[in-house]
There are 2 protein chains.
Amino acid sequence: MATLSDVARRAGVSPATASRVINGSSKPVTDELRERVLAAVAELQYVPNAHAQLLARSHRSAVGVIVHDVSDPYFAEITRGLQRIATDQGRLLMICNSYRDPDRELEYVELLRGHQVAALILAGSGYHDEAFTRQLNEKLAAYGATGGRVAVIGRHEHSGDAVMPDNRAGGYLAGRELCGLGHRAIGVVAGPRILTTTTDRLAGLRQALGEQGRELPERRIRYAEFDRDGGAEATARLLDADPELTAIVALNDSMAIGALATLRARSLAVPQQISVVGFDDMPIARDVTPALTTVRLPLVEMGVRAMSLVLGAETPTPRVEVLPAELVRRDTAGPVPRAAAGSAPRARRGDPSS
Amino acid sequence: MATLSDVARRAGVSPATASRVINGSSKPVTDELRERVLAAVAELQYVPNAHAQLLARSHRSAVGVIVHDVSDPYFAEITRGLQRIATDQGRLLMICNSYRDPDRELEYVELLRGHQVAALILAGSGYHDEAFTRQLNEKLAAYGATGGRVAVIGRHEHSGDAVMPDNRAGGYLAGRELCGLGHRAIGVVAGPRILTTTTDRLAGLRQALGEQGRELPERRIRYAEFDRDGGAEATARLLDADPELTAIVALNDSMAIGALATLRARSLAVPQQISVVGFDDMPIARDVTPALTTVRLPLVEMGVRAMSLVLGAETPTPRVEVLPAELVRRDTAGPVPRAAAGSAPRARRGDPSS
DNA sequence: TACCGCAGAGAAAGCCCTTTCCCGCAGGGA
DNA sequence: TCCCTGCGGGAAAGGGCTTTCTCTGCGGTA
């Protein structure tokens with residue numbers, strides 16, 4: 001690889017001058033030398049060593065981002081928002097997938113710190129895990145102490161700036177909608193119980209049912225992976241245990257799509273026989289059939305806010321921005337079926353007694 | 001930020017010793033000093049400066065990847081394959097989204113070169129653009145000349161190692177299937193015509209029709225963005241111009257989903273009134289309703305192969321691995337409707353003459 | 001006893017840039 | 001004529017780390 005001094009030598013100038021030309025320094029350089037340097041750069045196909053540059057320059061410009069998985073639509077949307085602001089400000093993003101592995105999350109914080117990022121953004125649910133949370137906060141604090149900025153998206157256990165989707169209100173919205181449609185036997189297809197996102201959404205749901213004087217018993221909840229297959233599997237388990245269910249709330253849209261797949265496999269008509277409500281409103285939600293009724297979260301906006309927070313002026317006290325959830329009515333949630341409303345259990349498929 | 005010499009000073013050893021302890025060098029260090037260094041690292045929350053390390057070490061280990069957009073399922077799958085091998089070999093991936101902007105692609109090659117990546121992988125369609133292709137090849141050649149390894153996925157204009165999905169065969173498969181089902185009026189919802197992927201798939205389709213003594217006239221092709229909205233829009237245009245169409249081939253699954261949306265909006269039953277075939281078999285294909293009949297590409301495998309190529313031994317002549325396409329029959333392609341088979345045009349919706 | 005070899009530690013030379021500091025020179029004012 | 005100023009350029013000092021080379025002191029051999 002050609003180096004700066006190769007270029008300088010070839011152009012017959014000092015490395016200092018070469019550097020100034022290449023970086024468009026404010027220091028003036030005569031046109032003749034400039035030409036010579038540029039020619040040498042082209043001839044040698046010179047590209048500056050980014051590590052050397054980063055080392056030599058003092059100011060850090062890249063921003064580190066830790067998400068569960070960029071290719072998961074939830075995070076893809078958030079990332080889009082992050083990118084928008086970062087690009088506007090000419091900043092590079094280093095994106096890391098933790099795949100919801102706490103250890104990997106911790107490692108990535110170190111990695112990014114080592115890469116001298118100017119700021120760190122963690123997106124995705126927190127964990128009900130004291131030890132981990134403490135460790136993470138220590139690392140973040142250490143990073144903050146050396147001038148790094150930190151923001152989290154959707155995890156409240158951290159002490160710095162935060163952007164919070166209102167998961168609880170979203171759960172409430174889903175619950176109220178279903179209650180309003182007359183459903184009483186509501187099952188929940190939930191993500192891992194260790195995630196705060198799961199418990200927050202569940203809490204909102206509970207509150208909505210509570211206002212109707214009802215409960216959400218544990219037997220009507222199934223915890224599984226927060227993805228399509230998890231949703232499919234949890235739905236199957238739920239249905240096996242509780243065939244008279246008239247509605248299912250999936251705690252994210254991927255799970256809802258899995259739920260829909262299971263219902264289709266069992267020939268249960270949505271929403272005529274059973275209603276489904278998702279969560280997040282990822283883009284695909286409108287394209288499944290029937291189109292998914294879901295709780296929308298302003299994902300892109302969340303990314304935008306978080307990046308703005310972290311690149312903006314530092315405030316003495318951490319800021320927490322709560323972004324509202326919103327119900328999007330589409331075609332998977334309908335009124336409770338007659339039979340069920342009269343509280344006669346629906347015939348169980350394959351049940352010999354029916 | 002604490003530096004290595006801070007650690008060394010605190011531990012009362014030389015930076016050399018500290019470095020050896022921290023990196024687990026083969027050079028032996030007494031347990032006592034080792035302990036002291038480790039303690040200092042913990043107390044100072046020391047994290048090595050990655051740029052300084054990269055600069056000081058000679059061997060390059062990261063691999064650069066340029067894709068259209070990681071959150072696009074097509075590339076997400078490929079990336080999964082890339083990651084798998086890279087992780088196995090303890091290599092970091094630097095992933096860049098070009099958003100199919102040739103200039104950005106060129107920039108990223110430089111950027112990654114500047115970051116001293118050991119290898120470069122470009123995934124995604126090539127362009128019918130001589131000037132750009134030449135420029136790109138020059139840059140890649142320059143990189144290769146300095147010891148960098150290069151592989152491309154799905155673009156044949158490059159001279160190095162390549163992994164090629166058999167787009168043409170895939171197009172052929174789609175065409176043959178539809179012909180076999182009796183369709184004669186087949187429309188195509190295509191990606192941008194500047195992409196070689198588009199033309200390759202189209203060529204296969206043409207070949208299949210050609211074998212039946214038929215043609216694929218330009219008026220039955222609509223070019224649009226390679227995404228959901230592009231597919232929806234192109235389908236609308238196609239239908240407006242040619243209401244007697246009995247089948248639509250979408251040149252990727254995202255477009256197919258858009259096509260399905262448009263057909264639903266126009267109350268055209270799939271596959272009873274009109275058939276749809278997609279391309280790629282992205283995960284969501286099986287979850288739309290009706291489930292999408294499509295051409296499967298071994299996306300993850302493509303990533304695996306490309307990364308293996310680039311990390312494996314160098315061969316004197318570039319290798320090209322062609323991976324086969326495969327038809328996945330699901331529910332969107334059915335036999336041509338009776339009326340159309342008898343070549344009586346289907347009533348045009350809203351057509352006053354019908 | 002003299003010497004060799006080796007283990008373990010440190011000194012110092014890079015790695016490739018950026019940027020400050022300094023120098024020489026030409027032009028303008030006193 | 002002399003001095004000052006300002007401009008264009010180079011020398012050199014980092015930036016933080018790795019790694020080679022060098023040095024010291026010890027145990028073992030001749």
Side-chain angles (χ1 to χ4, degrees), chain A residues 1-38 40-41 44-62 110-118 146-147, chain B residues 1-38 40-41 44-62 110-118 146-147:
Chain A
M1 282 283 285
T3 71
L4 184 67
S5 45
D6 293 336
V7 172
R9 200 172 319 120
R10 178 159 197 137
V13 300
S14 72
T17 301
S19 171
R20 290 199 264 261
V21 170
I22 292 167
N23 296 299
S25 149
S26 61
K27 189 124 186 182
V29 175
T30 47
D31 285 348
E32 199 217 323
L33 294 196
R34 156 166 288 111
E35 299 277 290
R36 295 221 305 263
V37 170
L38 260 18
V41 165
L44 297 175
Q45 297 255 35
Y46 171 73
V47 178
N49 182 321
H51 300 299
Q53 282 188 312
L54 264 328
L55 188 58
R57 283 203 250 267
S58 44
H59 72 270
R60 317 285 169 216
S61 125
E110 301 249 301
L111 181 90
L112 291 170
R113 202 147 90 84
H115 277 266
Q116 313 297 115
V117 293
T146 61
Chain B
M1 283 282 285
T3 72
L4 183 67
S5 43
D6 294 335
V7 172
R9 200 171 319 120
R10 179 160 196 135
V13 300
S14 71
T17 301
S19 169
R20 290 197 264 262
V21 170
I22 292 169
N23 297 299
S25 148
S26 60
K27 191 123 187 185
V29 175
T30 47
D31 285 347
E32 200 218 320
L33 294 196
R34 157 165 288 110
E35 298 278 288
R36 295 222 305 262
V37 170
L38 260 18
V41 166
L44 296 175
Q45 297 256 33
Y46 171 72
V47 178
N49 182 321
H51 300 300
Q53 282 188 313
L54 264 329
L55 187 57
R57 283 203 251 267
S58 44
H59 72 269
R60 318 284 169 215
S61 124
E110 302 249 298
L111 181 90
L112 290 169
R113 203 147 89 83
H115 277 266
Q116 314 298 114
V117 294
T146 59

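All of these numbers come straight from a predicted model, not from anything done at the bench. The chains referred to below are lettered A, B, ... by the order of the sequence lines, with proteins before strands, and numbering in each begins at 1.
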Engineer: Is the phosphate of dC17(C) approached by Gln53(A) (side-chain N or O, under 4.0 Å from OP1 or OP2)?
Structural biologist: no
Engineer: Measure distances between side-chain N and O atoms of Arg20(B) and base N and O atoms of dG10(C), and say whether any donor-acceptor pair falls under 3.5 Å.
Structural biologist: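 Indeed, a donor on one side and an acceptor on the other fall under 3.5 Å apart.
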Engineer: Measuring only between side-chain heavy atoms, which start at C-beta, is Met1(B) closer than 4.5 Å to Asn49(B)?
Structural biologist: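 No; the side chains remain at least 4.5 Å from each other.
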Engineer: Check the distance between dC16(C)'s C1' and Leu44(A)'s CG and give it to me in whole angstrom.
Structural biologist: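 For the pair Leu44(A) CG and dC16(C) C1', the rounded distance is 15 Å.
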Engineer: Going by the rule salt bridge (Lys or Arg N to Asp or Glu O under 4.0 Å), which residues pair with Glu35(B) if we only count those two or more places apart in sequence or in a different chain?
Structural biologist: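 So Glu35(B) forms no salt bridge (Lys or Arg N to Asp or Glu O under 4.0 Å) with any residue.
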Engineer: Residues from residues 26-36 of chain B sitting under 4.0 Å of DNA chain D, heavy atoms only?
Structural biologist: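 The stretch gives Lys27(B) as the residues lying under 4.0 Å from the strand, ordered by number.
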Engineer: Mind checking which nucleotides bracket the chain B contacts on DNA chain D, 5' to 3', with an atom under 4.0 Å from a heavy atom?
Structural biologist: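 Contact boundaries, 5' end first: dG16(D) to dC21(D).
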Engineer: Can you pull out how bent the helix from dT1(C)-dA30(D) to dA30(C)-dT1(D) is, comparing the axes over its first five and last five pairs, to 10°?
Structural biologist: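 End-to-end axis angle: 70°.
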Engineer: OP1 or OP2 of dC17(C) sitting under 4.0 Å from any side-chain N/O of Tyr46(A)?
Structural biologist: yes
Engineer: Partners of Arg60(A) by salt bridge (Lys or Arg N to Asp or Glu O under 4.0 Å), sequence neighbours excluded?
Structural biologist: none
Engineer: Run the side chain to side chain contact (heavy atoms under 4.5 Å, CB included) test against Ala56(B) and tell me which residues pass, sequence neighbours left out.
Structural biologist: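 With neighbours one apart ignored, the set is empty.
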Engineer: Which heavy-atom pair separates Gly12(A) from Arg36(A) by the least distance, and what is that distance?
Structural biologist: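 Reported closest heavy-atom pair: O-NH2, 3.5 Å.
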Engineer: In whole Å, I'd like the distance from the CZ atom of Arg113(B) to the P atom of dC16(C).
Structural biologist: 14 Å
Engineer: Rounded to whole Å, how long is the line connecting atom NE2 of His51(A) with atom P of dC16(C)?
Structural biologist: 12 Å
Engineer: Any heavy-atom pair between the side chains of Leu54(B) and Gln116(B) that's under 4.5 Å?
Structural biologist: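 Gln116(B) does not reach Leu54(B) side chain to side chain.
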Engineer: Restricting to side-chain hydrogen bond (donor to acceptor under 3.5 Å, both in side chains), what partner residues turn up for Thr146(A), sequence neighbours left out?
Structural biologist: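 None.
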Engineer: Please list, chain by chain and in numerical order, all residues satisfying salt bridge (Lys or Arg N to Asp or Glu O under 4.0 Å) with Arg57(A), sequence neighbours excluded.
Structural biologist: none
Engineer: Using the side chain to side chain contact (heavy atoms under 4.5 Å, CB included) criterion, which residues pair with Thr30(B)? Sequence neighbours excluded.
Structural biologist: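 Scan of Thr30(B) (side chain to side chain contact (heavy atoms under 4.5 Å, CB included), adjacent residues dropped) gives Leu33(B).
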Engineer: For Ser5(B), give me all partners under side-chain hydrogen bond (donor to acceptor under 3.5 Å, both in side chains), at least two apart in sequence or on another chain.
Structural biologist: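 Scan of Ser5(B) (side-chain hydrogen bond (donor to acceptor under 3.5 Å, both in side chains), adjacent residues dropped) gives Thr3(B).
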Engineer: Testing the basics here: between Val7(B) and Val37(B), what is the closest heavy-atom pair and its distance to 0.1 Å?
Structural biologist: CG1-O, 4.1 Å
Engineer: Sequence neighbours excluded and cut-off under 3.5 Å, please list the side-chain donor-acceptor pairs for residues 18-29 of chain A, or say none.
Structural biologist:
from: Ser19(A); atom 1: OG; to: Asn23(A); atom 2: ND2; distance (Å): 3.2
from: Asn23(A); atom 1: ND2; to: Ser19(A); atom 2: O; distance (Å): 2.9
from: Ser25(A); atom 1: OG; to: Lys27(A); atom 2: N; distance (Å): 2.9

Engineer: In residues 2-13 of chain B, which residues come under 4.0 Å of DNA chain D by heavy atom?
Structural biologist: Thr3(B), Leu4(B)
Engineer: Would a 4.5 Å heavy-atom cut-off, applied to side chains only, mark Asp6(A) and Arg9(A) as touching?
Structural biologist: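 They are in side-chain contact.
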Engineer: Tell me which of Leu55(B) and Thr17(B) sits closer to the 5' end of DNA chain C, going by the nucleotide each one is nearest to.
Structural biologist: Thr17(B)
Engineer: Just the rounded figure in Å: distance from C1' of dC16(C) to CZ of Arg57(B).
Structural biologist: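 The distance from CZ of Arg57(B) to C1' of dC16(C) comes to 16 Å, rounded to the nearest Å.
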